[in-house]
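Take a look at the structure below.
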Amino acid sequence: MTSHMEFTAGLNPQQQQAVIAGPGPVLVLAGPGSGKTRVLTHRIAYLISALGVRPRHILAVTFTNKAAREMESRVVHLIGQGTQGITLGTFHATCARILRREAKNLPFESNFVIFDADDQVGLVKRIIRDLDLDEKRYRAPGIHASISNAKNDLLLPDEFPINTFRDEIVQRVYLSYQKLLLASNALDFDDLLLWTAFLFEEFPKVRTKYARFYEHILVDEFQDTNFAQYVLLKHLVAFHHNIFVVGDTDQSIYRWRGADYHNVLRFEKDFPDSQVILLEQNYRSTQAILDVAMTIINRHPYRTPKLLFTSREQGQKVVLHEVYDDREEAVFVITTIVDLVARRSAKPGDFAVMYRTNAQSRLLEEAFLRAELPYKLVGAQRFYGRREVKDVIAYLRLVHNPDDEISLIRIINVPRRGIGDKSSIALRTQAQTSAVSPGNLLLDLGRNPSAPNQEWISRRAGAALRNFGELLVKWSDQKSKLTPLALMDLILEDMDYRSYIDDGTDEGSDRWENVMELRRLAAEFHKKGLTAFLEQVALVSDQDTLTGTMNVPTLLTLHAAKGLEFPIVLIVGLNDGTLPHSRSFDDPEEMMEERRLFYVGITRAMDRLYLVCAQNRSLYGYPEPVDASRFLDDIPHDLIEDARFSRSSPRPRRTPLHHSTKWSAAVDNTPDTKSAYQQKFHPGMQVQHPTWGDGMVLNSRIDDGDEVVDIFFKELGLKRVAASLAHLEILS
DNA sequence: ATGGACAATGTTTTT
DNA sequence: CATTGTCCAT
């Protein structure tokens with residue numbers, strides 16, 4: 001009782017109830033901003049300190065590694081040290097650990113590598129070629145997606161459901177795909193779950209061992225678990241039945257990845273004795289923001305009604321802004337941020353700019369760069385996706401696991417060492433006939449350069465292969481003696497990698513910088529070793545790269561925004577085709593998910609929310625007229641501040657088709673044609689002021705016969721000037 | 001084997 | 001438009 005107090009202090013009654021609930025299954029349905037992370041961390045603290053559960057018997061599953069780290073530090077904050085031994089991580093990371101430990105029962109070695117998305121699709125592509133299939137008809141990413149879906153439903157190749165001819169193709173590719181993965185001693189993301197489920201099913205003793213070991217299991221973002229994960233959970237709780245899941249079906253946005261929010265409903269059915277707790281009070285957003293969020297999500301049919309209320313004040317109205325095109329959208333983002341910062345109503349780090357697709361970040365980045373404002377970007381051309389980074393990792397992976405054929409293919413001729421397609425194909429066929437992996441064949445060649453039976457290769461190509469083989473042997477001999485960092489340095493030096501990528505251009509030194517960044521990461525794995533380093537590299541996610549220290553705006557996709565909050569949020573690209581994305585038009589399920597995605601974005605905002613839509617958008621190079629997002633039609637007029645844009649560039653009149661009236665009204669009485677004064681300044685222009693120096697025009701409008709220009713000066717920041725007085729010179 | 005020039009082709013979201 | 005793949009000349 002008293003011991004409960006300290007873990008429930010400062011929590012509302014529902015939160016308290018959740019923290020001390022149990023024993024047995026508990027389902028917490030938590031609306032956005034309702035403090036679910038707090039509940040989870042307090043619950044863990046409570047289990048350890050009040051109930052005396054040993055940390056090692058607790059398993060907590062989060063959606064990202066970052067969420068795991070954050071949770072750990074918050075628990076430590078609550079109860080001090082004493083959290084050591086707790087299993088805390090993503091499903092994938094947790095499964096990887098289990099599989100390495102139990103590999104003796106499974107058809108791969110415990111030093112298996114984990115293929116990333118590129119590797120996976122690359123492998124599928126190779127199989128499609130090998131099987132002599134039409135690459136146009138059967139595109140690798142699509143086939144791979146089908147395989148991935150099957151795996152998430154725990155369907156092995158021979159269980160793959162056949163309904164169409166394409167299914168037969170997929171099945172053949174799937175079969176071959178699994179064979180090649182195993183031949184490479186590799187697993188893909190989905191395999192981590194699949195093989196763990198397989199392990200638990202085939203080896204009841206192993207399953208029981210883990211089920212007995214984990215006395216308490218906690219799961220965050222439960223609405224985004226897939227079938228495989230659900231099955232794993234059922235295995236793991238089979239002994240103690242102490243499962244505590246937290247989720248919100250309204251925030252389910254990973255259906256395309258196999259996530260199924262029906263798991264929430266399934267949970268209540270599978271665990272009839274479960275306790276259900278609703279967290280409805282919102283502590284994050286103003287009422288104004290929450291009102292808009294509710295109008296969006298209430299259009300969502302078949303949902304369990306949930307009443308959200310906030311403890312916060314009404315707040316400022318949500319602002320809806322229409323701009324001419326996506327270029328101007330970016331300018332509006334900058335203007336808004338600069339303006340609010342200049343007026344000291346916000347810090348740069350308070351802002352987040354959210355969009356549907358990664359491609360949309362480009363224009364925004366350019367605008368930030370032009371304005372010379374720093375920002376941070378989550379995801380996109382992710383660090384680990386960079387060519388030079390992937391190359392170096394491929395070397396390490398190959399040395400670590402010579403069977404990794406994908407990595408070998410990747411770097412066998414990078415940098416150029418005279419091993420072309422012909423030679424690598426010859427190597428592959430020769431490896432096949434002698435029933436070893438190409439990597440091991442190379443190692444043999446390197447160890448035994450004068451071995452007989454080398455007729456399969458020309459003298460010159462053979463020399464190149466042997467040279468490379470000798471390097472591989474050297475590195476392999478060193479790998480157990482050196483730290484990951486030292487091994488990496490050795491490889492970099494032996495290949496003279498720097499002179500290969502750093503060609504003196506800016507881009508070249510950027511690329512070398514990336515390699516140096518990877519070095520820094522490797523340095524953190526002195527103790528943990530190469531396996532851990534490679535696993536980390538494979539399993540970190542985009543959002544894990546988000547560092548909260550810098551006071552600058554954040555650019556991120558709506559997906560990446562889940563679980564985060566920001567004082568001021570700008571959601572851009574609110575146009576049909578972008579949000580909702582055009583790929584969701586013909587599938588009502590997907591359309592609902594787009595709606596939830598929008599809802600997630602809205603509910604990230606604490607104080608202020610800006611919604612931005614454009615009249616024109618270039619999707620394929622050419623700008624095209626686009627409709628405002630259909631979701632905007634669902635928001636009542638009085639919930640929104642209609643900040644009609646002061647026009648700066650000529651705005652072609654659109655013919656609204658199935659387009660809501662509130663926009664048309666805004667479009668029709670734009671001020672530009674009324675004014676006698678001809679506008680001279682447009683966003684993006686470089687201008688010079690006699691005393692303030694150079695700057696960029698952020699915005700300009702006609703006001704009372706004069707042109708009012710907002711300029712971001714390099715030296716002074718944002719200034720608003722009247723064109724008739726300021727003697728501005730246009731530079732570009 | 002390599003590198004350049006051209007054509008085609010395609011864009012969600014990510015552990 | 002921007003990336004990726006194919007073809008061709010060195």
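Every chain is numbered from 1 and lettered A, B, ... according to where its sequence line falls, protein lines coming before strand lines. Just the heavy atoms: all of them, side chains too, but no hydrogens, waters or symmetry mates, feed the values below. Only a predicted model underlies this, so the values are computations on that prediction, with no experimental measurement involved.
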| message | Quick check for you: among B:dT15, B:dA1, B:dT14, whose closest atom lies nearest to any side-chain atom of A:Asn358? | response | B:dT14
| said: Are A:Tyr174 and A:Tyr177, when compared by the centres of their aromatic rings, separated by less than 6.0 Å? | reply: no
| Relative to the ring of A:Phe598, is the ring of A:Phe631 parallel (under 30°), tilted (30 to 60°) or perpendicular (over 60°)? | parallel
| request: Please determine if a side-chain N or O atom of A:Asn226 lies less than 4.0 Å away from the OP1 or OP2 oxygen of B:dT15. | output: no
| message | Taking A:Glu594's backbone N and O only, do any of them form a donor-acceptor pair with A:His581's side chain (distance below 3.5 Å, no angle check)? | response | no
| request: Ignoring the backbone of A:Arg362, work out which of C:dT3, B:dA1, B:dT15 is nearest its side chain. | output: C:dT3
| query | Given B:dT9, B:dT12, B:dT15, which nucleotide is nearest the side-chain atoms of A:Glu594? | reply | B:dT12
| message | Once you apply a heavy-atom cut-off of 4.0 Å, does A:Gln229 come out as touching a base, just sugar-phosphate, or nothing? | response | nothing
| Closest to the A:Ser423 side chain, choosing from B:dT14, B:dA1, B:dT13 | B:dA1
| query | With a non-hydrogen cut-off below 4.0 angstrom, is A:Asp190 in contact with a base, only sugar-phosphate, or nothing? | reply | nothing
| task | State whether the aromatic ring of A:Trp256 stacks on the base of B:dT13, taking stacking to mean ring centres under 5.5 Å apart and ring planes under 30° to each other. | result | yes
| Between A:His559 and A:Tyr254, is the gap from one ring center to the other below 6.0 Å? | yes
| message | Using heavy-atom distances to pick each residue's nearest nucleotide on DNA chain B, tell me which of A:Ser584 and A:Ile419 is more 5'. | response | A:Ile419
| Does any N or O in the side chain of A:Arg630 come within less than 3.5 Å of the main-chain N or O of A:Asp576, such that one atom is a donor and the other an acceptor? | no
| What is the distance, rounded to the nearest whole Å, between atom CG of A:Asn149 and atom C1' of B:dT13? | 14 Å
| request: Measure from CG on A:Leu99 to P on B:dT15 and round the result to the nearest Å. | output: 19 Å
| Partner set under side chain to side chain contact (heavy atoms under 4.5 Å, CB included) for A:Arg617, not counting sequence neighbours | A:Asp326, A:Glu329, A:Gln360, A:Asn575, A:Thr578, A:Ala614, A:Val626
| message | Please give the distance between the C1' atoms of C:dG5 and B:dT12 as a whole number of Å. | response | 23 Å
| To the nearest Å, how far apart are A:Tyr254 OH and B:dT15 C1'? | 9 Å
| Over how many whole Å does the gap from A:Lys562 atom NZ to B:dT13 atom P extend? | 16 Å
| request: May I have the distance from A:Arg356 (atom CZ) to B:dT12 (atom P), rounded to whole angstrom? | output: 9 Å
| field | Minimum-distance nucleotide to A:Arg139 side chain [options: C:dG5, B:dT15, B:dT11] | value | B:dT11
| query | Which whole-number value in Å describes the distance from A:Leu619 CG to B:dT9 C1'? | reply | 14 Å
| request: With salt bridge (Lys or Arg N to Asp or Glu O under 4.0 Å) as the test, would you mind laying out the steps for A:Asp119 and A:Lys390 before giving the verdict? | output: CA-CA 10 Å; A:Asp119 300 331; A:Lys390 289 207 69 169; 3.7 Å; yes
| Listed nucleotide nearest any side-chain atom of A:Arg583, set B:dT14, C:dT3, B:dT11 | B:dT11
| task | Using the C1' atoms only, state how far B:dT13 lies from C:dT4, rounded to an integer number of Å. | result | 22 Å
| Ring centres of A:Phe351 and A:Phe566 under 6.0 Å apart? | no
| Which residue lies more 5' along DNA chain B, comparing A:His92 with A:Lys136 via nearest heavy atoms | A:Lys136
| task | Ignoring backbone atoms, test whether A:Thr557 places a side-chain nitrogen or oxygen under 4.0 Å from the OP1 or OP2 oxygen of B:dT14. | result | yes
| Just how far, in rounded Å, is C1' of B:dT13 from CD of A:Gln360? | 11 Å
Tabulated below should be each protein N or O lying under 3.5 Å from an N or O of nucleotides 3-7 of chain B; please produce it.
from  : atom 1 : to       : atom 2 : distance (Å)
B:dG3 : OP2    : A:Arg416 : NH1    : 2.5

| query | Can a donor-acceptor pair be found between the side chains of A:Tyr230 and A:Asp260 at a distance below 3.5 Å? | reply | no
| request: Would you say whether A:His581 stacks on B:dT12? The test is a distance between ring centres of less than 5.5 Å and an angle between planes of less than 30°. | output: yes
| Once you round it to whole Å, what is the distance between C1' of B:dT13 and CD1 of A:Ile571? | 15 Å
